[in-house]
There are 2 protein chains.
Amino acid sequence: MDKQTITIYDVAREAGVSMATVSRVVNGNPNVKPTTRKKVLEVIDRLDYRPNAVARGLASKKTTTVGVIIPDVTNLYFSSLARGIDDIATMYKYNIILANSDKNEEKEVQVLNTLLAKQVDGVIFMGNKITDELRAEFSRSRTPVVLAGTVDPDEQVGSVNIDYEKATEEATTMLIDNGHKKVAFISESHEEPINGVYRLNGYKHALEKAAFPYEEELVLQSEYTYKVGEAVYEQLNKAGATAAVVADDELALGVLNAALDRGVNVPEDFEIVTSNNSKLTAMSRPRLTTVEQPLYDIGAVAMRLLTKLMNKEEIEEKTITLPYTIGKKGTTK
Amino acid sequence: MDKQTITIYDVAREAGVSMATVSRVVNGNPNVKPTTRKKVLEVIDRLDYRPNAVARGLASKKTTTVGVIIPDVTNLYFSSLARGIDDIATMYKYNIILANSDKNEEKEVQVLNTLLAKQVDGVIFMGNKITDELRAEFSRSRTPVVLAGTVDPDEQVGSVNIDYEKATEEATTMLIDNGHKKVAFISESHEEPINGVYRLNGYKHALEKAAFPYEEELVLQSEYTYKVGEAVYEQLNKAGATAAVVADDELALGVLNAALDRGVNVPEDFEIVTSNNSKLTAMSRPRLTTVEQPLYDIGAVAMRLLTKLMNKEEIEEKTITLPYTIGKKGTTK
DNA sequence: CTGTTAGCGCTTTCAG
DNA sequence: CTGAAAGCGCTAACAG
């Protein structure tokens, strides 16, 4: 009953070879005579032997697992990236240890440490702010790190993203070109470079080109949830905004529905451009106009980059910028 | 530069104690004199020592990681469960290896095997069909398994869910009570017991109670994606349905929008009840009436059950049924 | 309260 | 092409 674990040693004995040979056939080492290989394979099959990955990890110092730090799996932006990451990881025979960080800086550091303790071969980090402490941990270990959908002005680790600044500028300009004088910009904390530096700069550039003044009431910092949409819309309304560039789809959808619930016509009286291209954008009525980021690809390319780093291959460029477009749907004219 | 890994042995030497003692303080074993503990802790801190979880796993035969098999992280139903799983796992100091299975039976078996090879202490499985092969793998290993949001008529492993049959019956009855003569039922394959047995039975019972005939054209099997909504709505329309119970939120939203796009008034001319209570249900206009499953809790309770199983605690009941309600929102009268 | 001693199951030189 | 042997870094009896 208590089926005891069978080891490489059992296989060796049963097949009349040394464990080194068994190890070789298990690992596909070509230096094994076909006859021997066949015999060993037969015993492996008969005994239903399965290599213990933990022992292998200890001996080889490779675990074939990578850590993925994600703010929240329940957010479609991040889960879409995660999907791309996992698919490529699987393709390269890696497994994923997924850890939610809640965008909590303390938890991020803690999670990173347990990931490193588990000897992951690499780490993919999502989340918009790289604190100094986190950066210190990154460089302290020799474990390669890649940021996915996350910018770090201090480009020490690999990263994959789109040009957030240009995308935001384009979105804002589009709204201005549609005749709006009061275009709002809503994102999470400006302490996150992706918002406070890149996107905000894009927004400002668009204003400058149009010779519009920068008005503080039009720039909001809000968490990315659907339910704050109401409150955010009220603020926009109060500020006199007639259009908004929103950095998150759930939030954008909340704002859209708040407007609709108040009888506002979208896009006639109010226009919205969102930023993440998650499947939510296709599910609203009208559909959300969005910056079309290649979410899956960002994850996939990040994981691909990480495999190269783990493999110590030469990398041309540690920072990869993927293309985007603006997908005009129903929330803009 | 090449900061070589420092081991328990280094700490022992530096602190002038044996590695056993270091191991004890690292593991919080009380049998260490405070002075010694303090000294060791100081050295650990100075050397920045981090225990190698892989070595620990090999020696202790416990990895403090559990495998989670998920059909698709990108589906809000599953990611909500995953969120509950991860939170409780973190609370109990476990990490999660997340593996997408795409509801692909072959991949499920393969993924389960690599999870077992990695010596996970337990497995949480999501996905609606437990094939015989999978069941065989489950019982072949002594690793505890818990199903989350997944029913298995053959109750060999732990599982956490709601009473799908009763919930579906209630939803259907509600629609019948609202005056509908043609209520449709849409789910994924009936080969999955959750649909073909539980939900379908609930639907049938509701019809029986109302003395309605069972009409095949009203029972559709469809994949759970938003974009098939159009086609599904067409079929419903052709079959003369005026109301539908849908087993997935994304699909329900697709159907709802297809109806709206055709100028149909919801809920006046067409009513919809969906089943998963994901956040999507609050995001549509009108909001989707849904079976209010406690998604996060299903995941959380499943993980909690698994910790007990891994801990070899006595379990009162391996199958846990959580309560649900029907949340009447905008897609029903 | 602390040290010694075996392993855990596998990879990896190094010989031959 | 194959085997012997030395670990990987840690836990877990067992003494003392």
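Order of the sequence lines fixes the chain letters, A, B, ..., with proteins taken first and strands second; residue numbering starts at 1 for each chain. In this text, all values refer to a predicted model and were calculated from it rather than measured experimentally.
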Answer whether the closest heavy-atom distance between the side chains of A/Asp72 and B/Arg83 falls below 4.5 Å.
-> yes
Rounded to the nearest Å, what distance is computed from the CG atom of residue A/Asp10 to the C1' atom of nucleotide C/dC8?
-> 13 Å
Considering only D/dC10, C/dT2, C/dC10, which nucleotide approaches the side chain of B/Pro51 most closely?
-> D/dC10
Does a side-chain heavy-atom distance below 4.5 Å link A/Ile8 with A/Val26?
-> no
Position toward the 5' end of DNA chain C (nearest nucleotide), B/Lys61 or B/Asn31 = B/Asn31
Check the distance between C/dG9's P and B/Lys62's NZ and give it to me in whole angstrom.
-> 14 Å
Heavy atom of residues 18-28 of chain B under 4.0 Å from DNA chain C: which residues?
-> B/Ser18, B/Ala20, B/Thr21, B/Arg24
Using a 4.0 Å heavy-atom cut-off across all strands, classify A/Asn52 as base, sugar-phosphate, or nothing.
-> sugar-phosphate
Phosphate OP1/OP2 of C/dG9: any A/Thr5 side-chain N/O under 4.0 Å = yes
Between A/Arg50 and B/Glu137, does a salt bridge (Lys or Arg N to Asp or Glu O under 4.0 Å) hold up when you go through it step by step?
-> CA-CA 13 Å; A/Arg50 290 196 222 158; B/Glu137 296 290 340; 3.3 Å; yes
Among D/dT2, D/dC8, C/dC10, the nucleotide that comes nearest once only the side chain of A/Leu58 is considered | D/dC8
Roughly, in whole Å, what's the span from CG in A/Asn29 to P in C/dC10?
-> 17 Å
Quick one: label B/Val54 by what it contacts on the DNA or RNA (base, sugar-phosphate, nothing), any heavy atom closer than 4.0 Å.
-> nothing
Between C/dG9 atom P and A/Leu47 atom CG, what is the distance in whole Å?
-> 14 Å
Closer than 4.0 Å, any side-chain N/O of A/Thr36 to the OP1 or OP2 of D/dT2?
-> yes
Please figure out whether B/Pro34 or B/Ser60 has its closest DNA chain C nucleotide nearer the 5' end.
-> B/Pro34
Where the side chain of B/Arg56 is defined as all heavy atoms beyond and including C-beta, which of D/dC10, D/dT2, D/dC8 is the nearest nucleotide?
-> D/dC10
Candidate pair A/Glu42 and A/Lys38, rule salt bridge (Lys or Arg N to Asp or Glu O under 4.0 Å), full reasoning = CA-CA 6 Å; A/Glu42 184 270 319; A/Lys38 188 152 166 289; over 6 Å; no
For residues B/Val123 and B/Val66, determine if any side-chain heavy atom of one lies less than 4.5 Å from a side-chain heavy atom of the other.
-> no
Whole-Å gap separating C1' (C/dT5) and OH (B/Tyr9) | 14 Å
May I ask you to test the A/Val22-A/Val43 pair for a side-chain heavy-atom distance under 4.5 Å?
-> no
Is any side-chain heavy atom of A/Lys62 closer than 4.5 Å to a side-chain heavy atom of B/Val54?
-> no
Verify the contact: side-chain N or O of A/Tyr49 to OP1 or OP2 of C/dC10, cut-off strictly under 4.0 Å; return yes or no.
-> yes
